[in-house]
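The next block holds one structure in the form of C-alpha cells; read it before the comments.
Letters A, B, ... mirror the listed sequences (proteins, then strands); counts begin at 1. Below, all heavy atoms of this structure are taken into account, side chains as well, without hydrogens, waters or symmetry copies.
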2 protein chains.
Amino acid sequence: MRLTTKGRYAVTAMLDLALHEGRGPISLADISERQGISLSYLEQLFAKLRRNDLVRSVRGPGGGYQLSREQGRINVAEVIDAVNESVDATGCHGKGDCQSGQTCLTHHLWCDLSDQIHAFLSSISLCDLVKRKDVQEVALRQDRERADQLIMSTGEPASAERKAAV
Amino acid sequence: MRLTTKGRYAVTAMLDLALHEGRGPISLADISERQGISLSYLEQLFAKLRRNDLVRSVRGPGGGYQLSREQGRINVAEVIDAVNESVDATGCHGKGDCQSGQTCLTHHLWCDLSDQIHAFLSSISLCDLVKRKDVQEVALRQDRERADQLIMSTGEPASAERKAAV
DNA sequence: ATTTAACCAAGTAAAACAGTCAGCTAATCG
DNA sequence: CGATTAGCTGACTGTTTTACTTGGTTAAAT
Ligand code: FES
Ligand code: FES
C-alpha cells in the first residue's frame with residue numbers, strides 16, 4: 001500500500017473540480033495554479049481519472065474537465081484507486097499467498113487494515129468534503145490568491161503596491 | 001504514507017518472536033527460515049527495532065533476539081513506525097504547510113485518515129495477534145514445515161520418502 | 001580455538017515517484 | 001481561413017526507495 005502525493009494530488013484536484021463546479025468546465029491550468037500542481041503531471045493523472053469514468057473532458061477554448069457524476073456519488077477511495085493501484089495493505093492483493101504460495105503470518109491483519117482504510121475512505125464523498133468548514137476556508141484563500149495573481153498578470157499597477165504592503 | 005513488505009516483514013518477525021517466546025532468544029536464522037525473509041534484510045530491520053527498544057539481543061551461540069517488553073505492551077503501530085518513517089498519510093507530517101508553506105485543500109482529510117490508521121494499528125498488540133485463531137493456524141503449519149526441514153538437513157532417510165509421499 | 005550469531009558498511013538492480021519535453025488533435029473565435 | 005486554446009499522448013529524466021547481497025568485524029559460548 002502507498003499513499004503519496006500522486007493520490008493526494010488526485011483527490012485535491014477532484015475536490016477543486018467539485019468546489020468550482022457549476023460555471024462550465026475547469027481547465028487543468030486553473031487547477032495547476034490554485035493547487036500548486038505541475039500541469040503536465042495533472043494531465044497524466046486526469047488521463048487515469050478519465051479512463052476510470054470519474055471526469056469528462058471538453059476540448060477547445062473554454063474547455064476543461066467536469067465531474068462525470070454528482071459530488072455525492074464520488075468517494076475518495078475510488079479517486080485514489082484510479083491513479084494508484086489500490087488502497088490495499090496486503091502483499092498478496094487479498095489472495096493469501098505471499099509466502100511462496102502460502103498464507104503468511106500477518107495476512108489477516110493486513111486484510112483487516114485494508115478493510116478499515118477502505119471503509120473510511122469510501123465513506124467520504126466529494127460532497128462531504130465540499131461542505132467541510134476547513135476545506136471552505138482553504139478554498140476561499142486559494143481563490144483570493146488566484147484573483148490577485150490574475151490582477152498582477154494583467155499589469156494592474158495597484159497590485160504591486162498591494163504586494164509591497166504584504 | 002507507505003506500507004510495503006518492509007513494515008509487513010517487521011510485524012511478521014516480531015510476531016514470530018512473540019509466538020516462540022519462552023525458550024530463550026530466537027536467532028534471525030530461525031525467523032528467516034520460518035517466515036521466508038532474507039537473513040541480511042532481517043538484520044537491517046532488527047537494527048532499527050533494537051534502536052527503538054522493541055527487542056533485546058543476545059550475542060554468541062544460542063543467542064538471538066527477545067522482545068524487550070511483554071507482548072501486551074507492544075503494538076503494531078510502533079513496530080511499523082520503527083522501520084518505516086511513520087504511518088502518516090499527510091504530505092506535511094501534520095504541519096499543514098505542504099502547499100509552499102500553506103495548508104493544502106485536503107490536509108484535514110489526510111490528518112483524519114492518519115488518526116484512523118494509527119488508532120487501529122495501535123489498538124492491536126502482539127499479544128492480541130498471538131491469540132488469534134488464524135495466526136495460530138499459520139504458525140502451526142510453519143513450525144511443522146520447519147521441523148521437516150531440520151529432519152531433511154540432518155540427512156534422515158525417512159524425510160525423502162515423506163516428501164515423495166506429498 | 002573454533003563456532004555461533006549479532007553487528008556493521010557499502011553496494012546494487014529494479015521499481016516507483018514526480019515531474020519535463022515535444023508534439024498532436026479537437027474545438028472555438030476573429 | 002488561421003490562430004489560439006486546451007485536452008491528449010508518448011517518451012524521457014533525475015531522484016528516491018525497496019529489497020536485497022556481499023563482505024566483513026565483534027562478542028560470547030563450547
Ligand atoms: S499478506 Fe496475504 S499472504 Fe501475506
Ligand atoms: S497534507 Fe498537510 S498541508 Fe497538505
Aromatic plane relationship, B/Tyr41 with B/Tyr9 - under 30° parallel, 30 to 60° tilted, over 60° perpendicular: perpendicular
Would you indicate, yes or no, if [N] has its OP1 or OP2 atom less than 4.0 angstrom from a side-chain nitrogen or oxygen of [X]?
{"X": "A/Ser27", "N": "D/dT5", "value": "no"}
{"X": "B/Ser40", "N": "D/dT22", "value": "no"}
{"X": "B/Ser57", "N": "C/dC7", "value": "yes"}
{"X": "B/Arg2", "N": "C/dC17", "value": "no"}
{"X": "B/Tyr65", "N": "C/dC7", "value": "yes"}
{"X": "B/Tyr9", "N": "D/dC20", "value": "yes"}

For [X] and [N], what is the distance between atoms [atom1] and [atom2] respectively, to the nearest whole Å?
{"X": "B/Ile31", "N": "C/dA5", "atom1": "CD1", "atom2": "P", "answer": "12 Å"}
{"X": "B/Leu45", "N": "C/dA6", "atom1": "CG", "atom2": "P", "answer": "13 Å"}
{"X": "B/Lys48", "N": "D/dT17", "atom1": "NZ", "atom2": "P", "answer": "10 Å"}
{"X": "A/Ile26", "N": "D/dT5", "atom1": "CD1", "atom2": "P", "answer": "18 Å"}
{"X": "B/Tyr41", "N": "D/dT22", "atom1": "OH", "atom2": "P", "answer": "16 Å"}
{"X": "A/Arg56", "N": "C/dA27", "atom1": "CZ", "atom2": "C1'", "answer": "18 Å"}
{"X": "A/Leu39", "N": "D/dT5", "atom1": "CG", "atom2": "P", "answer": "14 Å"}
{"X": "B/Leu42", "N": "C/dC8", "atom1": "CG", "atom2": "P", "answer": "16 Å"}

5' priority, DNA chain D, between B/Gly60 and B/Arg8 [closest heavy atom]: B/Arg8
Whichever of A/Pro61 and A/Phe46 has its nearest DNA chain D nucleotide further upstream toward 5': A/Pro61
Side chain A/Arg59 and base C/dT28 donor-acceptor under 3.5 Å: no
Base C/dC8 to side chain B/Gln44, donor-acceptor N/O within 3.5 Å cut-off: no
Side chain to side chain contact (heavy atoms under 4.5 Å, CB included) evaluation trace for B/Leu42 with B/Tyr65: CA-CA 11 Å; B/Leu42 273 177; B/Tyr65 287 90; over 6 Å; no
From CA spacing to verdict: side-chain hydrogen bond (donor to acceptor under 3.5 Å, both in side chains), B/Asn75, B/Ser122: CA-CA 5 Å; B/Asn75 65 58; B/Ser122 65; 5.2 Å; no
Sugar-phosphate, base or nothing in reach of A/Thr5, heavy atoms under 4.0 Å: sugar-phosphate
Distance, nearest 0.5 Å, that separates CG of B/Leu67 from NE2 of B/His20: 12.5 Å
Ionic contact status for A/Glu137 with A/Arg141, cut-off 4.0 Å: no
B/Lys6 side-chain proximity, nearest of C/dG19, C/dC17, D/dA19: D/dA19
Nearest-neighbour nucleotide for the A/Arg50 side chain, D/dT9, C/dA6, D/dT18 considered: D/dT9
Residue closer to the 5' end of DNA chain C, A/Val58 versus A/Glu43 (nearest nucleotide): A/Glu43
Hydrophobic cluster identity match, B/Ile26 and B/Val58, side-chain contacts under 4.5 Å: no
